[in-house]
Asks: 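Dumping the structure here so I can ask a few things about it.
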Amino acid sequence: MPRLTAGFYQREDTVQIAKDLLGKILFTQFDGQVTAGRIVETEAYKAPEDKACHAYLNRNTNRTKTMFLPGGVAYIYLCYGIHHLFNVVTGPEGAAHAVLVRGLEPVEGVETMMLRRKHDRLKPQLTAGPGVMSMAMGIYKQYDATSLLAPDSPIWIEDAPPLDPEEMKAGPRIGVDYAEECAAWPWRFYQKDCRWVSRPR
DNA sequence: ATAATGATTCGCT
DNA sequence: GCGAATCATTATG
């Protein structure tokens with residue numbers, strides 16, 4: 001399938017993009033090893049009004065500046081000193097919007113993913129969760145600001161049929177209780193009854 | 001320069 | 001269910 005285009009990523013409505021990313025296929029190729037997974041869980045983050053967004057009130061710092069780039073690059077940062085979290089930057093240049101990818105259904109390179117995770121059996125903990133799915137895909141924060149559109153990019157997303165609306169669920173985002181009224185916003189989207197979604201079953 | 005704090009995960013109780 | 005692991009980023013002095 002073809003890759004998603006700049007037009008897909010650079011739309012203004014990040015919440016819609018978070019929904020549209022469900023079902024698409026995230027690829028990486030590092031050291032000749034191709035791995036891919038079907039996106040089954042996302043969360044939208046949108047400055048300036050979203051208190052859960054790192055760029056709340058359009059705070060433009062050395063870390064958050066990536067989110068201000070035009071849609072179609074990766075925003076990757078270290079969380080809790082341990083986990084590298086992968087986001088897709090969305091919206092036009094100057095809009096600090098991003099979509100966090102939280103869960104993947106493994107599609108290709110499963111052996112490589114299991115090696116990276118030090119797993120010897122295929123189980124949901126391989127890629128269900130934003131920190132672990134990044135590890136399985138070989139994504140680290142040094143790839144922050146990497147383009148998903150460049151022909152030679154090691155990270156890209158391919159198009160795929162959209163999720164059946166019946167299969168899509170929404171709810172509050174995870175781990176953002178500190179964000180006051182924004183914590184309740186239903187900006188987390190996931191495939192119903194999918195074992196590769198991080199939280200419930 | 002220092003101190004507080006996470007968009008998490010895993011192991012133990 | 002609870003708490004440690006672990007460090008870049010951020011705010012503050």
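A, B, ... follow the sequence lines: proteins, then strands. Residue 1 opens every chain.
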Asks: Mind checking whether A:Met137 and A:Trp156 sit in one hydrophobic cluster, side chains of I, L, V, M, F, W, Y counted as touching below 4.5 Å?
Replies: no
Asks: Short of 4.0 Å, heavy atom to strand atom, which residues of residues 40-60 of chain A count as contacting DNA chain B?
Replies: A:Tyr45, A:Ala52, A:His54
Asks: Quick check on contacts: within residues 168-182 of chain A, what sits under 4.0 Å from DNA chain B by heavy-atom distance?
Replies: A:Ile174, A:Gly175, A:Val176, A:Tyr178
Asks: Pull out every protein N or O sitting under 3.5 Å from an N or O of nucleotides 3-8 of chain C, one pair per line with the distance.
Replies:
| residue | atom | partner | partner atom | Å |
| --- | --- | --- | --- | --- |
| C:dT6 | O2 | A:Tyr80 | O | 2.5 |

Asks: Identify each atom pair where a protein N or O and an N or O of nucleotides 10-13 of chain B are less than 3.5 Å apart, giving names and distance.
Replies:
| residue | atom | partner | partner atom | Å |
| --- | --- | --- | --- | --- |
| B:dC10 | OP1 | A:Arg117 | NH1 | 3.4 |
| B:dC10 | OP1 | A:Arg117 | NH2 | 2.8 |

Asks: Can you check the A:Met67 CE to C:dT9 C1' distance for me, whole Å?
Replies: 12 Å
Asks: In whole Å, I'd like the distance from the CD1 atom of A:Ile139 to the P atom of B:dT8.
Replies: 16 Å
Asks: Could you provide the dot-bracket string of DNA chain B, using ( ) for intrastrand pairs, [ ] for crossing pairs and | for bases paired to another strand, with Watson-Crick or G-U pairs below 3.5 Å?
Replies: ||||||.|||||.
Asks: So what does A:Leu85 hit on the nucleic acid, given a heavy-atom distance under 4.0 Å: a base, only sugar-phosphate, or nothing?
Replies: sugar-phosphate
Asks: It should be established whether A:Thr61 places a side-chain nitrogen or oxygen under 4.0 Å from OP1 or OP2 of nucleotide C:dT9.
Replies: no
Asks: Tell me the side chain to side chain donor-acceptor pair (under 3.5 Å) pairs involving residues 75-96 of chain A, sequence neighbours left out?
Replies: A:Thr14-A:Thr90, A:His54-A:Tyr75
Asks: Would A:Lys24 and A:Asp159 count as a salt bridge (Lys or Arg N to Asp or Glu O under 4.0 Å) here? Give the steps.
Replies: CA-CA 5 Å; A:Lys24 308 306 183 202; A:Asp159 201 3; 2.9 Å; yes
Asks: Within a radius of less than 6.0 Å around NZ of A:Lys51, do more than 12 heavy atoms belonging to other residues, nucleotides or ligands occur?
Replies: yes
Asks: Do A:Thr146 and A:Ser153 have side chains that get closer than 4.5 Å, going by heavy atoms?
Replies: yes
Asks: Whole-Å distance between B:dA7 P and A:Trp185 CH2?
Replies: 15 Å
Asks: Any chance CG of A:Asp164 has more than 12 other-residue heavy atoms, nucleotides or ligands included, within less than 6.0 Å?
Replies: yes
